[in-house]
J.: 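Structure in structure tokens, see below.
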Amino acid sequence: MQGGRVTERRATAAPAIELRGISKAFGPVQANKDISIRVMPGTIHGIIGENGAGKSTLMSILYGFYKADAGEIFINGQKTQIPDSQAAIRAGIGMVFQHFKLVQNFTVLENIILGAEDGGLLKPSLAKARKSLIALEKEYGLKVDPDALIEEIGVGKQQRVEILKALYRQAEILILDEPTGVLTPAEADQLFRILARLKAEGKTIILITHKLREIMEITDTVSVMRRGEMTATVKTSQTSPEELAELMVGRKVLLRVDKAPAKPGAEVLLVDDLRVTDEDGVERLKGISLKVRAGEILGVAGVAGNGQSELLEVLGGMRPATGQVSIKGESIDLTGKRSDGQSRRSRGIAHVPEDRQHEGLIMDFAAWENLIFGYHHDPEYQANRLLMDNSDVTQLAARKMERFDVRPPNPRLTAKSFSGGNQQKLVLAREIERNPDLLLVGQPTRGVDIGAIEFIHKQIIALRDAGKAILLVSVELDEIMSLSDRIAVMFDGRIMGERLPSQTDQTELGLLMAGIDPDTD
Amino acid sequence: MEKMPKWADAVLVPLLSLLMAAILSAIVIFAIGEDPVAAFKLMVDGALMRSAGWGYTLYYATNFIFTGLAVSVAFHARLFNIGGEGQAMLGGLGVALVCLYIPWPHWTLAIIGASIGGAIFGAAWAFAPAYLQAKRGSHVVITTIMFNYIAYSVLNYLLVNVLIAKGSMDPATPKFPEATHLPTFRDMFSTADTILFRGSPANVSFFLALFACVFVWLLIWRTRLGYEIRAFGHSDTAANYAGISAVRITIVTMLISGALAGLMAVNTTQGEAERLILNPTEGAGFIGIAVALMGRNHPVGVFIAALLFGFLYQGGAELALWTNIPRELIVVIQALVILFTGALDNMVRMPLERLFLAFRRKEAR
Amino acid sequence: DLGGKFDKSFNEAAFGGAQRWAEESGGAFREIELQSEAQREQALRRFAEAGSNPIVMTGFAFGNVLSEVAPDYPDTKFAIIDMVVDAPNVRSVVFNEHEGSYLVGMMAAMASKSGTVGFIGGMDIPLIRKFACGYVQGVKAVNPDATVIQNMTGTTPAAWNDPVKGSELTKAQIGQGADVVYAAAGGTGVGVLQTTADEGILSIGVDSNQNYLHPGKVLTSMMKRVDNAVYEAMKSGTDLETGINVMGIANGGIDYALDEHNAALVDEAMKAAVDAAKAKIASGELQVHDYMSDNSCPAE
Amino acid sequence: MDFTTLLLVLDSTVRLATPLLLACLAGLFSERAGIFDIGLEGKMLMAAFFSAAVAYATGNVWLGLLAGIASSMALSAIHGLASITFRGNQLISGVAINFLAAGVTVVVAQSWFRQGGRTPSLEGASRFNPIELPLAESLSGVPLLGPIYHELVSGHTVPVYAAFAAVPLTWWILFRTRFGLRLRAVGENPESVDTAGVSVIGLRFAAVAIAGLLCGIAGAYLGTALQAGFVKDMTAGRGFIALAALIFSKWRPWHALYATLLFGLLQAIAVRFQNIDLGGFVIPVQFMEALPYILTVVILAGFVGKAIPPRAGGEPYVKER
Ligand SMILES: Nc1ncnc2c1ncn2[C@@H]1O[C@H](COP(=O)(O)OP(=O)(O)OP(=O)(O)O)[C@@H](O)[C@H]1O
Ligand SMILES: Nc1ncnc2c1ncn2[C@@H]1O[C@H](COP(=O)(O)OP(=O)(O)OP(=O)(O)O)[C@@H](O)[C@H]1O
Ligand SMILES: [Mg+2]
Ligand SMILES: [Mg+2]
């Protein structure tokens with residue numbers, strides 16, 4: 001699959017960027033494994049891949065932010081050492097990070113000159129920057145007020161500042177890490193016009209994104225990353241969104257989950273016009289309405305960052321929201337004192353959070369302690385009115401671990417000493433064993449290997465068959481396809497559409513996830 | 001997977017840090033022209049080789065147990081309570097008021113009353129910093145520092161203007177009534193023909209401190225509250241997931257911490273001075289930080305570290321008594337212990353981790 | 001007492017007495033300087049147990065502790081200065097500081113050109129008010145219209161050791177017109193004397209002879225012969241006479257200092273007047289009011 | 001209060017505010033770069049001792065000043081090592097430094113001078129002496145302005161003028177130079193500096209060193225100008241008042257001047273007047289002493305304008321978890 005479609009090396013020009021055998025590990029996590037890539041000058045090269053695939057890491061290495069463990073970098077055919085960002089800037093590389101590296105209470109101008117000042121005094125630097133800013137603004141239509149504070153301008157403007165920063169440093173190679181994640185469609189369109197303009201001037205651009213539409217629209221070539229490895233590089237003109245969707249989310253082995261048809265019962269969860277505004281004032285949920293019945297699994301598909309996390313967090317009591325949510329006909333509090341994880345649990349809602357390491361588990365707690373996390377007030381776990389019954393809980397834990405095939409089944413080990421899959425089984429054991437009316441599950445198999453995935457899927461189906469309602473959020477399309485009885489696709493804080501798994505395919509869902517409704521487009 | 005075994009982190013790291021602090025201390029003693037070995041012998045002789053020496057060592061240790069526990073409880077919720085000093089001062093006020101204004105029939109009742117008084121006043125002094133951290137995000141470190149100074153002024157004012165004994169030149173309260181006096185170790189352990197712990201201030205509140213150790217151990221590792229405190233301390237995002245209220249845990253933990261610091265006054269104010277004096281804490285609140293750091297926030301560790309500091313204090317007093325080494329040497333040692341076990345612990349941990357990783361790899365092969 | 005051994009004043013006087021005894025007799029003495037209340041008792045007991053005899057302590061703050069410790073060591077003799085402790089093995093030495101303060105008050109009034117003189121006390125306790133009261137009486141005896149500005153450094157033992165505050169208070173008094181300032185403030189006095197010297201006015205030292213600190217700038221010193229008291233106590237050794245020992249002008253326990261450092265400042269008339277008063281006090285003809293006898297000062 | 005008293009109180013305010021101001025600016029540099037510094041007290045104390053000791057030994061106050069600065073910067077280096085290099089807890093490191101200074105000064109003083117942990121009194125050229133500004137004497141007759149110039153402006157020691165000059169200088173460095181821009185950036189968002197290719201560690205060490213320098217001057221002022229020698233614990237909490245002033249000023253140089261002058265005034269009043277009688281209502285001196293701390297808590301609580309510290313403050317810069 002790979003070989004045939006890799007861009008052929010042009011004899012005339014050396015590639016603007018060539019990476020050879022780049023590897024990088026963060027402690028035990030292998031973020032990049034022996035990655036090689038070649039980008040020709042004057043092209044736009046896309047990189048896609050699921051969360052945690054290692055895209056940002058790779059680009060940060062190119063920009064000198066991280067140091068690679070192994071590998072070589074060639075810029076315009078020259079082997080180049082990039083020990084820090086200064087070296088990258090000197091080599092003509094500019095990068096717009098996924099999380100902007102701006103100083104919030106500095107002005108636009110100050111941010112632009114930071115690190116690229118002329119001389120020890122600021123005044124001349126600022127004056128010079130102001131001049132070239134006006135020039136750049138004219139040239140590319142990148143309008144920002146040079147004297148505005150970063151914290152006072154929107155994210156779209158902040159991104160322009162990052163781009164201006166790179167251009168001010170006369171970058172010939174521009175890396176953009178998920179630039180449209182934070183932009184409105186109009187802003188994104190404008191960004192693409194600017195990118196096209198830059199390309200026309202002969203600049204080289206690397207664009208990281210999850211959105212297939214963008215890849216198709218603007219890139220010349222595209223690479224796909226998966227679990228730290230580069231799995232394919234193809235010419236955009238020779239591929240299709242369907243193929244890319246498959247490359248991005250597909251597995252070599254598609255899992256078949258044996259399950260009986262659902263026998264949906266009464267409505268358990270009813271959500272109406274749910275809205276969430278985050279700490280930065282960005283509206284994350286823009287009026288979500290859905291329902292889940294007993295004995296069915298509603299799968300919520302979508303690219304990360306489109307509001308699925310917030311949906312789960314609101315339902316799990318982790319953040320306030322407006323709108324109506326009722327469980328078994330009784331409405332629940334979405335704000336105030338009575339809206340927290342404890343109260344949700346008492347209403348029969350169990351929650352397997354997306355981030356098991358930072359939310360679902362306390363990594364320094366022993367397994368047995370983690371197995372009562374959130375339920376620690378349950379009378380069953382107390383020895384008397386004052387003390388908890390640790391030995392009893394430990395024994396209970398050992399049995400649960402046995403049942404959920406946690407390896408090793410030693411309840412005294414700390415959570416961090418288990419592998420990812422086993423950590424996930426701990427969380428599932430805890431939540432499913434409570435026999436809840438509604439189970440919220442986020443990314444149940446992220447970073448988990450195939451054997452464990454199968455086991456986890458079986459447990460979820462078993463709970464469904466016991467007549468419980470399940471809301472499943474996953475970025476893995478085949479997981480959604482194989483588990484769900486109904487599928488809702490989220491995009492930009494809204495439900496893009498609902499499908500039945502029997503009447504759709506990955507392509508259609510992939511397009512919905514990218515914000516394209518195939519029925520209307 | 002942990003980079004090194006738990007025991008290494010809990011025992012080896014503090015031991016090595018302590019060793020480095022000890023070596024540097026020896027160098028300091030040597031540098032001021034004294035003999036470190038002789039000084040150490042003198043300290044051991046004065047602090048551990050006589051029952052009265054033990055009486056002082058345990059007296060100081062009692063203070064440090066309370067303040068060390070206070071710091072550790074807060075640490076479990078990842079709160080850094082530097083306010084032990086002020087909380088203990090206010091605890092002294094609570095103890096004094098209880099002892100002076102309530103006519104106690106017997107010390108057994110008085111110690112209960114005084115403990116409650118000290119704990120409540122200490123907790124009250126911790127409340128404002130706790131509330132401000134929980135509700136307004138003002139850093140508890142800075143506010144507790146400020147509250148230490150405010151406490152000193154409050155105590156100063158009350159002793160000079162309100163509580164001072166009539167006709168006395170000392171800014172101190174009158175002596176507490178006879179019935180509130182606590183039995184000392186001498187009263188408790190001397191037999192008819194051998195007097196033990198003669199004149200030393202160790203008293204029954206040492207057992208109160210032991211009781212506090214057990215209490216903290218139960219609280220942190222056996223109760224739901226302790227479970228929530230630890231969970232919140234390890235991960236506030238996970239605590240949010242589990243529905244553990246950050247505000248509640250912050251305030252409750254600081255109240256417990258302040259109460260423990262306040263309890264120290266039972267030992268100093270009711271047990272030793274038998275009146276409230278101007279500087280009833282003598283820096284014990286700060287030593288609690290070192291004790292907690294060294295004791296790895298575990299009551300057993302705190303107990304051992306408190307004994308060590310008790311020994312240092314008594315030994316240091318002996319040094320000052322019989323040699324030209326000033327008592328401040330102890331402050332230097334204390335500083336080095338805090339520095340190495342608290343701030344420079346990575347200096348020991350990092351190479352140790354590498355060592356363990358390398359060792360394991362070799363083993364795996 | 002608190003304020004440090006080398007406060008150039010009270011504690012240093014005591015230390016000097018001990019040293020004199022050691023030099024003369026070839027005996028050895030142990031000394032300890034205490035930083036906190038809690039160490040007092042420990043130090044006393046440790047010295048007693050180690051066989052030190054007698055044990056001399058300076059400062060009223062020992063009173064409480066000594067009354068508890070003394071009965072435990074009936075064979076050890078104790079001497080305490082500035083405080084009365086009623087025990088069979090304790091000698092309590094108290095001084096008539098008001099008498100000496102009266103003398104230096106007279107000198108201050110005579111040396112003052114502005115008619116305004118100052119007093120800076122240490123910790124605000126009756127003992128220091130006793131100094132102040134004697135001083136005021138002396139000033140008024142010479143110049144009934146004179147103004148005496150009084151300040152206390154503080155209300156806690158820290159007041160004995162706060163040269164910065166001493167210096168600031170001196171500047172304040174100078175601002176109010178004082179041209180002679182009497183410092184009865186332990187280590188704080190160092191700051192007072194320094195500032196008066198810097199600002200070119202006169203000061204009066206206390207306890208030790210402090211004239212030498214700033215020659216030609218210190219008018220005189222009110223000498224409280226703590227050194228003599230310590231010396232005597234040590235010299236008599238185990239035969240130390242117990243009971244209360246009042247030291248005043250009559251028995252040489254109190255005096256004012258005259259030496260080469262202040263000779264130029266004290267003219268004949270001044271000396272004559274002061275010596276006359278001194279004789280009268282010694283003979284009992286002149287009674288200086290003692291503030292501590294009734295906690296009030298008639299002269300103010 | 002008449003005019004002369006007022007002048008004298010203000011004069012004393014200037015003297016007492018000087019160490020606070022220097023220490024506050026020291027904290028400002030450090031914390032603006034993202035390194036919390038509760039060791040101001042210790043650094044000042046250390047400098048107070050070594051400046052007095054060396055000034056006594058050499059008879060030259062300038063050598064004393066250098067020694068004070070060097071000792072203070074040595075403590076800064078320890079703080080940097082712990083909190084920048086080894087990513088330790090900045091607060092614990094600060095606590096340790098305060099203890100270290102409290103202990104070392106007395107131990108060394110005792111060992112060198114055997115005077116119970118103090119240095120001998122300094123005289124003449126081993127002290128900073130007040131300097132008369134030109135025309136102070138001749139202008140003192142001019143009504144109002146004359147006495148103000150003579151009493152208040154003239155007649156202070158070199159460090160006082162240095163401290164006041166340090167305010168505009170600090171402002172200029174922070175807001176008008178490249179170094180200042182980067183320093184502020186590293187305290188707000190070290191990644192912004194790192195991705196701009198500037199060394200985060202280098203900047204932070206520079207900031208900590210400047211803090212050491214300023215604390216060194218503050219300490220030398222205490223030991224050789226405000227007083228004539230070192231006494232145990234002579235900083236008496238000034239480092240913490242400076243810290244309070246830093247919060248009070250919300251990490252801004254000119255406001256630091258105002259805050260330290262205010263706190264200096266409170267100290268000057270507390271020094272002069274034991275209790276202040278406001279017609280029947282007596283303000284005890286202890287209240288005046290505690291007021292800086294109380295005000296700071298009020299500010300921290302956000303009731304009077306919120307004090308937002310530099311965003312990256314207190315956090316070691318860790319790139320790879
Ligand atoms: N600074 C770091 N320290 C430790 N681990 C890291 C660090 N940065 C990334 N990782 C880990 O490396 C892996 C790759 O992360 P990376 O950010 O490169 O993924 P990505 O493909 O950019 O994902 P996303 O689409 O979510 O941005 C992940 O497992 C991540 O947790
Ligand atoms: N993030 C991590 N931090 C520390 N140790 C880890 C980490 N991930 C894995 N380990 C260690 O490595 C071992 C193997 O981990 P790995 O994730 O490769 O297991 P696995 O075979 O994939 O199991 P699973 O199927 O459960 O994911 C684990 O048992 C654990 O001790
Ligand atoms: Mg990324
Ligand atoms: Mg795995």
Side-chain angles (χ1 to χ4, degrees), chain A residues 27-28 312-313 316-319 337-346 349 351-366 369-370 372-379 381-391 393 412-419 427 430-431 440 442, chain B residues 1-10 75-78 134-135 137 214-252 256 296-298 349-350 353-354 356-358 360-361 364:
Chain A
L312 274 188
E313 284 171 10
M318 292 170 66
R319 63 160 78 222
K337 262 201 143 101
R338 296 275 44 203
S339 170
D340 62 13
Q342 309 264 351
S343 65
R344 294 294 197 276
R345 287 181 185 86
S346 68
I349 302 176
H351 181 189
V352 177
E354 292 185 315
D355 187 341
R356 55 180 170 260
Q357 306 216 339
H358 296 107
E359 294 168 355
L361 296 167
I362 302 277
M363 300 308 278
D364 290 309
F365 270 16
E369 288 175 298
N370 270 305
I372 58 169
F373 190 51
Y375 301 99
H376 50 277
H377 285 292
D378 193 306
Y381 303 139
Q382 319 300 328
N384 51 46
R385 289 180 52 199
L386 289 178
L387 303 182
M388 303 192 5
D389 194 342
N390 288 3
S391 59
V393 171
R412 295 189 190 282
L413 291 178
T414 53
K416 66 181 172 201
S417 49
F418 291 92
S419 72
V427 180
R430 178 180 73 214
E431 300 300 324
L440 310 169
Chain B
M1 190 183 66
E2 275 131 72
K3 286 177 185 151
M4 62 182 173
K6 238 183 180 162
W7 64 266
D9 201 46
F75 256 140
H76 277 291
R78 218 183 310 138
K135 288 281 198 183
V214 176
F215 166 79
V216 168
W217 182 76
L218 283 174
L219 170 78
I220 296 293
W221 281 281
R222 283 288 178 278
T223 68
R224 279 163 274 171
L225 178 61
Y227 180 92
E228 296 196 337
I229 289 175
R230 284 183 298 130
F232 176 72
H234 279 303
S235 167
D236 50 354
T237 49
N240 179 36
Y241 157 78
I244 296 168
S245 155
V247 170
R248 181 174 150 266
I249 293 298
T250 303
I251 292 182
V252 170
I256 294 172
R296 283 292 187 266
N297 303 316
H298 193 286
R349 187 174 292 115
M350 282 171 176
E353 277 175 357
R354 247 172 273 141
F356 270 98
L357 268 179
R360 256 193 222 157
R361 270 193 215 116

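In what follows, chains are A, B, ... by sequence order, proteins preceding strands, each numbered from 1. Computation of the quantities below employed the complete heavy-atom set of this structure, encompassing side-chain atoms and omitting hydrogens, waters and symmetry-equivalent molecules.
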J.: Under 3.5 Å, is there a donor-acceptor pair between the side chain of A:Gln342 and the main chain of B:Ala242?
T.: yes

J.: Kindly say whether A:Arg430 contributes a backbone atom to a donor-acceptor pair with the side chain of A:Tyr375 at under 3.5 angstrom?
T.: no

J.: Given heavy-atom pairs under 4.5 angstrom as the criterion, report whether the side chain, backbone, both or neither of A:Arg345 touches chain B.
T.: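 Answer is side chain: those atoms of A:Arg345 sit under 4.5 Å from chain B.
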
J.: Taking the side chain from A:His376 and the backbone from B:Glu228, do they hold a donor-acceptor pair closer than 3.5 Å?
T.: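 No, the answer is negative, given that no donor and acceptor are paired below the 3.5 Å cut-off.
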
J.: Which region of A:Phe373, side chain (C-beta onward) or backbone (N, CA, C, O), has a non-hydrogen atom less than 4.5 Å from a non-hydrogen atom of chain B, or is it both or neither?
T.: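 When you check distances to chain B, atoms from both the backbone and side chain of A:Phe373 fall under 4.5 Å.
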
J.: Specify which of B:Ala239, B:Ala231, B:Ser235, B:Ser245 makes the most heavy-atom pairs with chain A at under 4.5 Å.
T.: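 It is B:Ala231.
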
J.: Select, from A:Ser343, A:Gly316, A:Pro353, A:Ser339, the one with the greatest count of heavy-atom pairs under 4.5 Å involving chain B.
T.: A:Pro353

J.: Can you tell me which portion of A:Glu313 sits under 4.5 Å from chain B's heavy atoms? Options are side chain, backbone, both or neither.
T.: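 Contact with chain B is absent: no heavy atom of A:Glu313 under 4.5 Å.
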
J.: When you measure from the side chain of A:Arg412 to the backbone of A:Ala366, do you find a donor-acceptor pair of N or O atoms at a distance under 3.5 Å?
T.: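 A pair under 3.5 Å: no.
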
J.: Would you mind checking which part of A:Leu387 comes under 4.5 Å of any heavy atom in chain B, side chain (CB onward), backbone (N, CA, C, O), both or neither?
T.: both

J.: Under 4.5 Å heavy-atom distance to chain B, tell me which part of A:Arg385 shows up: side chain, backbone, both or neither.
T.: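 The backbone, not the side chain.
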
J.: Using only atom types and a distance under 3.5 Å, with no angle test, would you say the side chain of A:Glu431 pairs donor to acceptor with the backbone of A:His351?
T.: yes

J.: If we define contacts as heavy-atom pairs under 4.5 Å, which of A:Leu413, A:Leu361, A:Ile362 has the most with chain B?
T.: A:Ile362

J.: Check for a donor-acceptor pair, side chain of B:Thr237 on one end and backbone N or O of A:His358 on the other, with a separation under 3.5 Å.
T.: yes

